[in-house]
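Structure, as structure tokens:
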Amino acid sequence: MSEHASENHPESAEDTAEGMSAHDIQAKWQQYWGEHETFLAGGDDDERPRKYILGMFPYPSGDLHMGHAINYLYPDIVARYWRHRGHNVLNPIGWDSFGLPAENAAIKRGADPREWTYRNIDQHKAGFRGYGMSYDWSRVLHTSDPEYYRWNQWLFLKLYERGLAYRKKSAVNWCPNDQTVLANEQVVDGRCERCGAEVVKKKLTQWYFKITDYADRLLDDLDALEGHWPHKVLQMQRNWIGRSTGADVDFRIEGRDEPVTVFSTRPDTLHGATFFVVAPDSDLAAELVAGASAEVRARFDDYLDQVQKQTEIERQSTDRPKTGVFLERYAINPVGGERMPIWAADYVLADYGHGAVMAVPAHDQRDLDFARAFGLPVKIVVDTTVTGGANEGGDLAELDPSATGTALVGNGRMVNSGEVDGLDKATAIASTIERLQAAGTGRAAKNFRLRDWLISRQRFWGTPIPMLHLQDGEVVPVPEDRLPVKLPSVEGLDLRPKGTSPLGAAESWVRTVDPVSGEPALRDPDTMDTFVDSSWYFLRFLSPNSEEFAFDPDQAKRWAPVDGYFGGVEHAILHLLYARFITKVLFDLGLIDFEEPFSNLVNQGMVIMDGAKMSKSKGNLVELSDLLGQYGADALRLGLAFAGPVEDDKEWNGVSLAGAQKFLARALRAGDETTSPVGADAAAGDAALRRITHRLLADAPGLVEQTKFNVLVARLMELVNGIRKTIDSGAGAADPAVREAAETVALMLEPIAPHTAEELWARLGHEPSVSAVPWPDADPALLVQDTVTTAVQVGGKVRATIEVPADISEADLEAVARADEKVQRALEGKEIVRVIVRAPKIVNFAVKG
RNA sequence: GCCGGCGUGGCGGAAUGGCAGACGCGGAGCACUCAAAAUGCUUUGUCGAGAGACGUGUGGGUUCGAGUCCCACCGCCGGCACCA
């Protein structure tokens, strides 16, 4: 345990009134909930409105720690809240239990990843129970169970049937440390998202999901999530999908029958295209160079070799000098007819657009850099100095890009461009596309930054891909009724990463027979990316034990989509994009009637220490079990809920669990001191305390629904302070308003500190459980005060505050304000220009002089 | 470079355009106690003895009134980036 945590008074949880420690209270109610199955979701006959609340399910690495404590607290608060609002709540938990850490741990110990995984899951389960989570424990799932991953395989087959799962040979991201391929989304700054090793490219045949077919929908449907998902996540997904619109233009190549198509967002600058560039690692480059001289071929081979040795980090570094090789071939500009030399250069990517570009050096910085490096011609076709241009009022001659090195990228008026001369950018683009279309040499087009999802992994601990390789090379699916394809035993298998799947060595598993043709066949030895597992798990919770369906469509209709989804921003693209994609596929399959999986999304912040993420490697991981032992679940829950806004990171040193304990004890004591009987008529009680109670009753639902849990806690503190004051120096402990307030504390504290709330509710003489007792409505009469404090401003500055009746008229209020001595002093020697009266809140004398 | 977000006391943070700093942490003082712990009470933005003045990154603007809306700038954080 670190020195920091010890600042939080490490003595064990405080003894509370009636001699019960926080531990006793916690144990008592956890046992009660377990015995009474308090938090099971209602069945099909439950008529209450439904809410489906979910936290992104955990990966079972090690024990639960602070990160889990905060991640899973928020959805639990919301789930518990909706029960008080009369809803049938589904709040399930499961484990994302396939993946590399289990495999790596198994390799280290020469054990089975299953042992490590399920042992950790058991620990997690115990930890969550100790933390007071209101899960429906009858719906637990683990993605590494054959009963679960069977349906990953089913999903794969569904995608395969629709042509959305396919195999291709392509340069893929390869992690040399984990010895497996990675999806684009798992490469962060050129490094493996998991282990941080520099990613290299490798040409391999792999399985892909065709997420690019859904690019438009994935992008356009984000608009409807505005206001329901964090703006940041929507923006990140938009960036990631990265749609560009422009035109495809066909270029004739000398000595080639078929034209070559390129994509451009600036077809208006076609007259300025002076050369042509192909990606060195593209098939087109290989083909073009084959027809060139031996000398060029040798130069090209050297260059390609160099390019392929680069790591992603090297390739992505900006302001790298431009390199390339002239291929001694020419393309013909379709509008001007000029011969354009064809170069191979690595600033053009093989897997974007068509792997080739028309280079317009005057108006594209990259093309200009290349032109200047190799002495290629630069032709200005947009005058950017005219109205609306980037260099408005400048002298075009002085802006010559070949001299300045700065491309003219802005809007302007077309020049040297024949028929489009004089047009502005947008009009010229439209006009050019029209002309190309008419000539049959081009058309409007769009391109996406998004690439297809590479799902093959050369690792053991994942879902086997349900495909068979026949002797003649044909690849056929395992029939649905033969699923699951179960993972073999690890016995005799070497799980160490070696570049091919360890499953390939499981001879008796790999060698099988195609049940359709009866021919001998080899199983596909790769396993699926674990993000496949998590792309639909929220549906499995709806019918977790079904052997008939991945999920029951009727149950999906009843519960889905998820009403409130909680998770870290680290999944802004990865998991959330994949889940959206699979949801749309399932919609197209007619299995669900919605196209977005998560109606509302909350990104909670992390718990950090000294400004940095807590982690095992830094040795500052605070384990949940230690904290539950020292402070108890409720103090931790309350402390975290109060620490700040949900989406902000929380500095652990600033979280005061001692303060949280103090408040909980104070709340319980308020209940213990209450002496009025159950059912006492609150109407006869102290009005001041009742107003605090009823203002909270009025505001609390909104606070929870806007996830302002820290403010809700603050308001509960105010109410408890109000009770204290009333008992000690006001109407006294027997006043029925004290009971009303204490009961309100029990009801509204329940989502945050449920054990204490149950105990308080019971000590106030009620039957358990408080967890589904409806929150009462506020009495509107108590929300309006008899007298209010009005601020009186002179020239916008507050000069006095006056007590007035709440229903005072504007005229009366102005008169009272004018009569105030301080106001008169402030008004002295000034001319009142105007008087603004907003009864009963404010009076403002606008003055002159 | 493109896109987005955020700047409030010593600290975490509150605040439908209407009394900035709720609530808490920390600090100071007091009561209870032989003493401490616990508990309770008072106080705590800055300057000023006080009246009061000044205060939400900076500079403008809109408004009777701006932390909140608009413009420009500064700083920090995040996403994308040789994507044609």
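Keep in mind that what you see is a predicted model, and the values were worked out from it rather than measured. Numbered from 1 within each chain, the chains take letters A, B, ... in sequence-line order.
- More than 12 heavy-atom neighbours from other residues, nucleotides or ligands sit within 6.0 angstrom of CG on A:Asp351.
- Using modelled atom types, one finds no donor on one side chain facing an acceptor on the other under 3.5 Å when comparing A:Thr406 with A:Gln365.
- Look at the C1' atom in both B:A84 and B:C69: the space between them is 40 Å, to the nearest Å.
- In summary, A:Arg266 and A:Asp364 do not engage in a salt bridge, as defined by a charged side-chain N under 4.0 Å from a carboxylate O.
- Between the side chains of A:Lys201 and A:Asn173, a donor-acceptor pair is found at a separation under 3.5 Å.
- Glycosidic conformation of B:G9 is syn; the angle stays within 90° of 0.
- B:A22 sits 15 Å from B:G67 when the C1' atoms are compared, rounded to a whole Å.
- Of the two residues near RNA chain B, A:Ala791 and A:His354, the one whose nearest nucleotide lies more 5' is A:Ala791.
- To the nearest 0.5 Å, the span separating CD on A:Glu193 from CG on A:Asn184 amounts to 12.5 Å.
- Rounded to whole Å, atom C1' of B:C82 lies 7 Å from atom CG of A:Leu349.
- The separation between A:Arg451 atom CZ and B:C80 atom P is 13 Å, rounded to whole Å.
- The two residues A:Leu719 and A:Leu696 come nearest to each other via the heavy atoms CD2-CD2, 3.8 Å.
- Taking the six-membered ring for Trp and thresholds of 30 and 60 degrees, A:Phe709 and A:Tyr74 have nearly parallel ring planes, at less than 30 degrees apart.
- Phosphate proximity of B:C64 to A:Arg834: present, with a side-chain N or O under 4.0 Å from OP1 or OP2.
- The separation between A:Asp699 atom CG and B:C23 atom P is 15 Å, rounded to whole Å.
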Steps toward ring pair (Phe, Tyr, Trp, His ring centres under 6.0 Å) verdict (A:Phe374, A:Phe275): CA-CA 11 Å; A:Phe374 294 99; A:Phe275 58 101; 9.0 Å; no
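- If you check B:A84, B:C19, B:C64 against the side chain of A:Arg838, the one that comes closest is B:C64.
- Using a 4.0 Å cut-off between charged nitrogen and carboxylate oxygen, A:Asp220 and A:Arg243 count as a salt-bridge pair.
- A distance of about 37 Å separates the C1' atoms of B:U62 and B:U44, rounded to the whole Å.
- The gap from the P atom of B:A20 to that of B:U56 amounts to 12 Å, rounded to the nearest Å.
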Reading 5' to 3' through nucleotides 2-17 of chain B, protein heavy-atom contacts under 4.0 Å coded B for base, S for sugar-phosphate only, - for none: -SS-------BSSSB-
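- B:G78 atom P lies 12 Å from atom CD1 of A:Ile608, rounded to whole Å.
- For A:Tyr352, a side-chain nitrogen or oxygen approaches OP1 or OP2 of B:A84 to under 4.0 Å.
- The pair A:Asp250-A:Arg443 meets the salt-bridge criterion, with a side-chain N (NZ, NE, NH1 or NH2) lying under 4.0 Å from an Asp/Glu carboxylate O.
- Across all strands shown, B:G29 pairs with B:C41; the Watson-Crick or G-U wobble distances both stay below 3.5 Å.
- Counting any heavy atom pair closer than 4.0 Å across all strands shown, A:Glu718 reaches sugar-phosphate atoms only and no base atom.
- Salt bridge annotation for A:Arg715-A:Glu718: present, with a cationic side-chain nitrogen under 4.0 angstrom from a carboxylate oxygen.
- The distance from atom CG of A:Leu664 to atom P of B:U39 is 12 Å, rounded to the nearest whole Å.
- Nucleic acid contact class of A:Ala846 (heavy atoms, under 4.0 Å, all strands): sugar-phosphate only.
- Going from the P atom of B:C82 to that of B:G13 covers 35 Å, rounded to whole Å.
- Distances were taken from every side-chain heavy atom of A:Val798 (C-beta onward) to each of B:C82, B:G18, B:C19; the shortest belongs to B:C19.
- Rounded to whole Å, the separation between the P atoms of B:G48 and B:G40 comes to 35 Å.
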Distances under 3.5 Å between nitrogen or oxygen atoms of protein and nucleotides 55-58 of chain B:
none

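- In this structure, CH2 of A:Trp652 is placed 16 Å from P of B:C25, rounded to the nearest angstrom.
- At a threshold of 4.0 angstrom between heavy atoms, the contacts of A:Thr790 with the nucleic acid are absent.
- Salt bridge A:Lys446/A:Asp216: present, at least one basic N to carboxylate O contact under 4.0 Å.
- Put simply, CD1 on A:Ile752 is 14 Å from C1' on B:G24, counting in whole angstrom units.
- Among the heavy atoms of the strands, none lies under 4.0 Å from A:Val277.
- With respect to the salt-bridge test (charged N to carboxylate O, under 4.0 angstrom), the residues A:Arg451 and A:Glu185 do not qualify.
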Contact state string [nucleotides 40-54 of chain B, B base, S sugar-phosphate only, - no protein heavy atom under 4.0 Å]: SS----------SS-
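- Rounded to a whole angstrom, the distance from the P atom of B:G1 to that of B:C73 is 13 Å.
- Under 4.0 Å is where a charged nitrogen must lie from a carboxylate oxygen, and between A:Glu226 and A:Arg238 at least one such pair does.
- Between the P atoms of B:C3 and B:A72, the separation comes to 12 Å (whole Å).
- Using a 4.0 Å heavy-atom distance criterion, A:Thr801 is classed as a base contact.
- For A:Asp189 and B:G78, the CG to C1' distance is 12 Å, given to the nearest whole Å.
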